[in-house]
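Within every chain, numbering begins at 1; the chains are lettered A, B, ... in the order of the sequence lines, protein sequences first and strands thereafter. Every value quoted in this text rests on a predicted model; they were computed, and no experiment measured them.
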Protein chains: 2
Amino acid sequence: MEEILSIKETKSCPILYVLAINDTLNVISGKWKLPILGSILFGKNRFTEIQRNISKITPRMLSKELKELELNGIVVRKVYDTTPVSVEYELTTSGKNIVEVLDKMVEWGLSHREFVMDSK
Amino acid sequence: MEEILSIKETKSCPILYVLAINDTLNVISGKWKLPILGSILFGKNRFTEIQRNISKITPRMLSKELKELELNGIVVRKVYDTTPVSVEYELTTSGKNIVEVLDKMVEWGLSHREFVMDSK
DNA sequence: CCGGATCCGACAGGATACTG
DNA sequence: CAGTATCCTGTCGGATCCGG
């Protein structure tokens with residue numbers, strides 16, 4: 001059976017380490033990725049719902065970002081044959097799991113604020 | 001005594017949640033932040049050392065990024081009065097702790113690769 | 001050795017209008 | 001409703017040269 005690369009093995013190989021980080025960054029960086037993920041997590045998963053939920057995003061941007069997220073395996077696009085058609089975007093397993101990363105980021109972000117405060 | 005905002009409290013306030021995430025993103029996103037942090041973690045902490053360690057970065061960019069990292073409380077700049085002057089950049093406590101976030105990102109990145117593989 | 005100053009191109013993202 | 005098509009602007013980062 002093939003071994004999955006553990007995080008410890010990865011640390012000894014900086015190239016893979018950086019590669020994995022960039023994979024993650026591609027999913028959450030940019031102006032709109034996070035608000036979109038947030039909207040879908042919040043239960044808003046139709047195109048126009050997401051657009052209304054995120055103030056000021058244009059359909060062009062929303063379309064482009066959703067396409068990227070789909071290509072990266074973060075969301076799945078489901079078309080329902082109603083009239084007019086309705087489309088729903090849902091998070092994949094990976095898409096849901098990224099919340100763990102976000103939580104770590106929040107944790108660091110908050111403690112960093114404390115750190116900066118204290119050092120003044 | 002004042003309470004530190006815990007992560008659980010933050011989750012009920014999406015605005016702070018997103019704010020903290022953006023704080024974190026500002027430290028690690030962009031083309032050079034990660035390589036620079038990596039170099040310093042690796043023990044390369046003088047200007048020209050970092051520049052040599054990171055192939056293809058121009059002094060302009062390195063200077064600009066280091067200045068941002070210093071302003072954000074991630075590194076400290078120490079000037080030694082030698083001739084010619086030598087400068088060393090060191091990670092703050094917060095700067096060291098961000099490795100925890102990076103580890104989580106590696107973890108997710110790797111498992112996401114597995115997820116994408118399996119679904120084909 | 002450690003940068004600052006200037007100029008420049010590429011690409012992310014915005015504005016607006018239109019369609020199946 | 002769920003997007004496309006065009007055009008446009010601003011910011012990121014590169015190239016090159018200069019100075020304490």
Is it possible for you to say whether [X] and [Y] belong to one hydrophobic cluster, with membership spreading through side-chain heavy-atom contacts below 4.5 Å?
| X | Y | value |
| --- | --- | --- |
| A/Leu41 | A/Val76 | no |
| A/Val101 | A/Val99 | yes |
| A/Leu16 | B/Phe115 | no |

Rounded to whole angstroms, how far apart are [atom1] on [X] and [atom2] on [N]?
| X | N | atom1 | atom2 | value |
| --- | --- | --- | --- | --- |
| A/Ile54 | D/dG3 | CD1 | P | 14 Å |
| A/Phe47 | D/dA2 | CZ | P | 8 Å |
| A/Leu66 | D/dC1 | CG | C1' | 14 Å |
| B/Leu69 | C/dG3 | CG | P | 13 Å |
| B/Lys67 | C/dC2 | NZ | P | 15 Å |
| B/Asn53 | C/dC1 | CG | C1' | 17 Å |
| A/Glu49 | D/dG3 | CD | C1' | 16 Å |
| B/Asn45 | C/dC1 | CG | C1' | 15 Å |

Taking all atoms of both residues into account, what is the closest heavy-atom pair of B/Lys120 and B/Val116, and its distance?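 Result for this residue pair: CG-O, 3.5 Å.
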Any idea which of D/dC1, C/dG3, D/dT4 is nearest the A/Pro59 side chain?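 Ranking D/dC1, C/dG3, D/dT4 by closest atom to the A/Pro59 side chain puts D/dT4 first.
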Nucleotide N/O of nucleotides 10-14 of chain D paired with protein N/O under 3.5 Å:
from	atom 1	to	atom 2	distance (Å)
D/dG13	OP1	B/Lys31	N	3.0
D/dG13	N7	B/Arg60	NH2	3.0
D/dG14	OP1	B/Lys31	NZ	2.7
D/dG14	OP2	B/Trp32	NE1	3.0
D/dG14	N7	B/Arg60	NH2	3.2
D/dG14	O6	B/Arg60	NE	3.1
D/dG14	O6	B/Arg60	NH2	2.8

Taking B/Ser39 for the side chain and B/Lys44 for the main chain, is one N or O donor matched with an acceptor at less than 3.5 Å?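 No; judged by distance alone, with no hydrogens or angles, the pair does not exist.
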Axial bend angle, the helix from C/dC1-D/dG20 to C/dG20-D/dC1: five-pair end segments, nearest 10°: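 The angle separating the two end axes equals 50°.
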Given [N], is OP1 or OP2 found less than 4.0 Å from the side-chain N or O atoms of [X]?
| X | N | value |
| --- | --- | --- |
| A/Ser63 | D/dT4 | yes |
| B/Arg77 | C/dG3 | yes |
| A/Tyr80 | D/dA2 | no |
| B/Thr48 | C/dC2 | yes |

Decide yes or no on salt bridge (charged side-chain N to carboxylate O under 4.0 Å, His left out) for B/Lys31 and B/Glu65, but give the supporting numbers first. CA-CA 10 Å; B/Lys31 188 172 181 181; B/Glu65 302 287 287; over 6 Å; no
How do A/Glu88 and B/Pro84 order along DNA chain D: which one's closest nucleotide is nearer the 5' end?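 The residue whose closest nucleotide sits nearer the 5' end is A/Glu88.
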Are any non-hydrogen side-chain atoms of A/Ile36 and A/Val75 less than 4.5 angstrom apart?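 No, their side chains stay 4.5 Å or more apart.
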Heavy-atom side-chain proximity of B/Ile74 to A/His112 below 4.5 angstrom: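 Of all side-chain heavy-atom pairs linking A/His112 with B/Ile74, at least one is under 4.5 Å.
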When you check the gap from the basic side-chain N to the acidic O, do B/Lys67 and B/Glu70 get nearer than 4.0 Å?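 No, B/Lys67 and B/Glu70 are not salt-bridged.
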